[in-house]
Amino acid sequence: MDSAPVNWEALDSLVLEFIISEHLIQSEDASTTGVNPNPSSPLSPPESDSSPSTSSSHSSSSSSSYRSRMIIRQIRRCVESGDIDAALEQLRLHVPVLLDDHRILFRLQKQKFIELLRKGTERDRELAIQCLRVGLAPCALDAYPEAYEEFKHVLLALIFDKEDESSPVANEWSEKRRFDLAGLLSSILRAHLHAYDPIFSMTLKYLISIHKLFCNHQGIPSPISDLTERLLYEERDPPALPQEMFYEAPPFDEVDIQALAHAVELTRQGSVDILKFAKGDLLLAFQNELSRMKLDLPSLDKLVHEYCVYRGIVDGFPTSTSDVEMENVRESNVYTTDKPGLVMDTRYANEATFLEREDCSTSDVTNQESGCSSRRLRRSRNHASELMRRRKRWRGRQENLNCITDASYTDTVGDANVDKDLKMKENENYEVILEMRELAYKGMAEKVVEEINCLDPDFFNQNPILLFQLKQVEFLKLVSGGDCDGALKVANDHLGPLAASNEALIKPLKETLLALLQPSEDTLVKAVPLPVLATSLQVAMGKRLGIEEPQLMRIMRATLHTHSEWFKLQMCKDRFEQLLKIDHLKDVDQFSKRVGESWSRSIVDDCANNGSSQITTCSSGKVPEEGTSPPVASTGEVSCDESAILKVMEFLALPRADAIHLLMQYNGNAETVIQQIFS
């Protein structure tokens, strides 16, 4: 299956918002300290509204939402463990108005009755009968029409044992009832407290569900099934109960009903029901339905932490995709040299690590190169210290509402004396990679090539397309600055030879050279996007250290691709992609435009300072990012009337794409299609 280009800076923003709102990092984060929230994007502009009052309001709102989510989780755990009294106490303390709804109270009292009987002692049996008289019976009279019949039925639990699987109340004894009730309460509380998951969580749920839907529809295996199956549960929480006053709600727009039904895999009636609960608000109904989907939080946190470390958002050193495998490799490959206190790792024995190469000075290395290396090492360590100061400190998820502290995350290691030096070496090496990514992001291509050649002379022999892309940016920068002779030298010395050895680069080379003849003001925008180039460079350099890219990057590439393909089949635009920032994740040029504008301004300033009036800009063909497919072409207009499409979808309960194909067979006539199906 193909993968899609991803705007990693947009994903960084979503992930950062997620880890802050879920309190996965210490409280001195970007929202409270003024630190650039995206250390990997040095040119990111400040938010348009960054006044202290706004930051304080946002922080307060985020904290309130987090506390509400924690309350919901606590109540959920109480019900799932059968401690209904504790759940009732939490509801009275935090959301007393919810107990005024006798539909909810009846379900809780009924479960409390069962749990008391389940304990099996005489005392608990007496308490169960008291619960019947004082709590359950009064609620049964006015909870909902079927409540009194359910009340009489549950009385059979006094006679039939919980171990009797053939009894008429076996379902009442089932512990699954706990989880169903806990899920129902969670759905109601989320909507009541507006305690929705962060955008990143909802986006991930939606993209994975669309991915599964697309793979099933096309009959193709998912390349990320090993990740998605353990990350997103199949079962959902029960839907929230609409208020009785909305049972006779006015008819909703059929467009909204169908959009909702097919976005989250509901029947038409299910879509109508959740629209009733949301009082006709389509986006709110969509959020409620996404919230019913459940992610495995430990797996999610592990993926996010791995990604944040890799992208330089939080402290740490990235490891390979299998922690167990990495530990085995480390145990087998670490050995002590004859120098006391020096630890080496044979993973890097066949190819020297970047910083080791900086320190080594052999007899055939000139004094100038040695001096360059030593300056580079000092500067790298200084830069690494500054990057680490800008990063967040991971602490992990706090599940206890009364224990929300700033206890920092600690990374356990085996032998501290052995691993300390090794981890320091790994961190220093990875800091170099992050620095190279930052330089590439700024468009400093010449500096990147110079530094990497100094660190690892064989790197570009293994990654010629990356070298072409970097030299392409250098060429365009020179042309934009009016230095055509310098640009031609770059083309002669680098771009030409690279294209001669790789036919796929001939066309991009021709289009790049056209920049000399076709001046333009958006040079960098039409070149390879700098964020894409910077990330590709990071991935390639990481692999030289045995570091695989995070699993979250795999998930995003695959799911964004299938999202595009799915809506091509549906022949319509996703009405929810803006809400979930999916459009930003797909827009790989978005950040390049901003960087390009900044770059153009700096060139103008440089030329003005030098007294030069010749400023030439250019356009260039892009080189596709390694390992990605070209952007999907937009679909054309559908030649069927929208009302006819909706009519066929409604009457035949068909997906949009199938309805369109049927209409095309019958000249767009909905009545004819329906008659043919039922005839």
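Count residues from 1 along the sequence.
Listed by first then second residue, pairs satisfying side chain to side chain donor-acceptor pair (under 3.5 Å) with a partner in residues 498-509 number zero, not counting sequence neighbours.
Atom OG of residue S222 and atom CD of residue E229 lie 8.0 Å apart, to the nearest 0.5 angstrom. One distance of note links CG of L537 with CG of L467; it measures 11.0 Å at 0.5 Å rounding. Here the CD atom belonging to Q551 is positioned 11.0 Å from the OG atom belonging to S299, to the nearest 0.5 angstrom. Once rounded to the nearest 0.5 Å, the distance linking OG of S209 with CD of E265 reads 6.5 Å.
Residues passing the side chain to side chain contact (heavy atoms under 4.5 Å, CB included) test with M444, sequence neighbours excluded: L439, K442, K447.
Note on K581 versus E577: no salt bridge recorded, every NZ/NE/NH1/NH2 to OD/OE distance being 4.0 Å or above. Under 4.0 Å is where a charged nitrogen must lie from a carboxylate oxygen, and between D483 and K489 no such pair does. Using a 4.0 Å cut-off between charged side-chain N and carboxylate O, D456 and R544 make a salt bridge. Checked for salt-bridge contact, R554 and E548 miss the test: no charged N lies under 4.0 Å from a carboxylate O. A salt bridge does not link E474 to K477: none of the charged side-chain nitrogens sits closer than 4.0 Å to a carboxylate oxygen.
Applying side-chain contact (heavy atoms from CB on, under 4.5 Å) to Y206 and the options I210, L204, T203 leaves one that passes, I210.
Closest approach of L488 to F475, counting heavy atoms only: N-CE1, 4.3 Å. Scanning all heavy atoms of the two residues, the minimum distance from G496 to L509 falls at CA-CD2, 4.1 Å.
Looking only at distances, no side-chain donor or acceptor of D587 sits under 3.5 Å from a matching main-chain atom of D583.
For W566 and H211, the gap between ring centers reaches or exceeds 6.0 Å.
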